[in-house]
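Read through the structure below, which is laid out as structure tokens, and then see the notes.
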Amino acid sequence: QVQLEESGGGSVPAGGSLQRSCAASGYTTSLSYMAWFRLPPGKEREGVAAISTGNGRTFYPDSVKGRFYISRDEANNMLYLHMYSLRPEDTGMYYCAARRDQGPGWFDRPPYDVWGQGTQVTVSS
């Protein structure tokens, strides 16, 4: 059973940077994809970064491309999200996630089924 635990982050002025960390435990070698999602207040959840554990390929939606970067430290079972040039609209709860099954979608198809507890990111104007 894989478990994810998040740490880091907090509040930052617009234009600043933050880093999220996610520690994975359990049978992590079975994971095919890991990702970061966010839930802005009053909006739907969206994926912001994903990585293939097999070949290291990454994907970012246009909303964060060039500002957010996902990385993985396989030896230490860690996943990171590096955020730069943050904007107030980046505010929300951030979650790391993982799935074993491969599929055509970076953030769904199939859905992710292992989730971290979530941490708050607040970007002030």
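Heads up: numbering here begins at 1 and tracks the sequence.
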- Note on the structure: For I51 and R72 the tightest heavy-atom approach is CD1-CB, 4.2 Å

- Close side-chain approach of L81 and Q19, heavy atoms under 4.5 Å: no

- Is the number of heavy atoms from other residues, nucleotides or ligands under 6.0 Å of E74 CD greater than 12? no

- Item | Side chain proximity check, P111 to R99, heavy atoms < 4.5 angstrom | no

- D90 bridged to R87 by N-O distance under 4.0 Å: no

- Query: So, for F107 and F59, is the gap between ring centers shorter than 6.0 Å?
  - Reply: yes

- Can you see which heavy atom on S125 is nearest to which on P88, and at what distance? OG-CG, 3.6 Å

- Message: So V64 and R38, do their side chains get closer than 4.5 Å, heavy atoms only?
- Response: yes

- Task: First locate atom OG1 of T58, then atom NZ of K65, and finally report the distance between them rounded to the nearest 0.5 Å.
- Result: 10.0 Å

- Message: Within the structure provided, determine whether E6 and S21 are in side-chain contact (heavy-atom separation under 4.5 Å).
- Response: no

- Fit a plane to each ring of Y33 and W106, take the angle between them on a 0 to 90° scale, and name the class: parallel (under 30°), tilted (30 to 60°) or perpendicular (over 60°). perpendicular

- Tell me whether Y69 is reachable from V121 by hopping between hydrophobic residues (I, L, V, M, F, W, Y) whose side-chain heavy atoms are closer than 4.5 Å. yes

- Query: Atom CE of M34 and atom CG of L79: how far apart are they, to the nearest 0.5 Å?
  - Reply: 4.5 Å

- Item | Aromatic ring proximity F37/W115, centre distance under 6.0 Å | yes

- Message: Within this structure, what is the OG1-CD distance for the pair T119 and Q117, rounded to the nearest 0.5 Å?
- Response: 6.5 Å

- Message: Take a 6.0 Å sphere around CD of Q3 and say whether it holds more than 12 heavy atoms from other residues, nucleotides or ligands.
- Response: no

- Task: Any pair with a residue in residues 68-125 that passes disulfide (SG to SG under 2.5 Å), sequence neighbours left out, goes on the list, sorted by first then second residue, please.
- Result: C22-C96

- Item | OG1 on T28 to CE on M78, rounded to 0.5 Å | 12.5 Å

- Taking the six-membered ring of Y84, is NZ or CZ of R67 closer than 6.0 Å to its centre and within 45° of its axis? no

- Go through Y94 and M83 one step at a time and tell me if the side chain to side chain contact (heavy atoms under 4.5 Å, CB included) criterion holds. CA-CA 12 Å; Y94 281 68; M83 299 175 283; 3.9 Å; yes

- Who passes ring pair (Phe, Tyr, Trp, His ring centres under 6.0 Å) against Y60, sequence neighbours left out? none

- For residues S17 and H82, determine if any side-chain heavy atom of one lies less than 4.5 Å from a side-chain heavy atom of the other. no

- Message: Please determine whether residues Y80 and L31 belong to a single hydrophobic cluster, defined as Ile, Leu, Val, Met, Phe, Trp and Tyr linked transitively by side-chain heavy-atom distances below 4.5 Å.
- Response: no

- Does E89 reach the side chain of V123, with side-chain heavy atoms less than 4.5 Å apart? no

- Query: Do L86 and L18 come close enough that some side-chain heavy atom pair is under 4.5 Å?
  - Reply: yes

- Message: Could you go through Q120 and T91, starting from their C-alpha distance and side-chain angles, then the distance that decides it, and tell me whether this counts as side chain to side chain contact (heavy atoms under 4.5 Å, CB included)?
- Response: CA-CA 8 Å; Q120 178 70 30; T91 293; 3.9 Å; yes

- Has the side chain of D108 got a donor or acceptor atom that lies under 3.5 Å from a matching backbone atom of P110? no

- Roughly how far, to the nearest 0.5 Å, is the CD atom of Q102 from the OG atom of S52? 6.5 Å

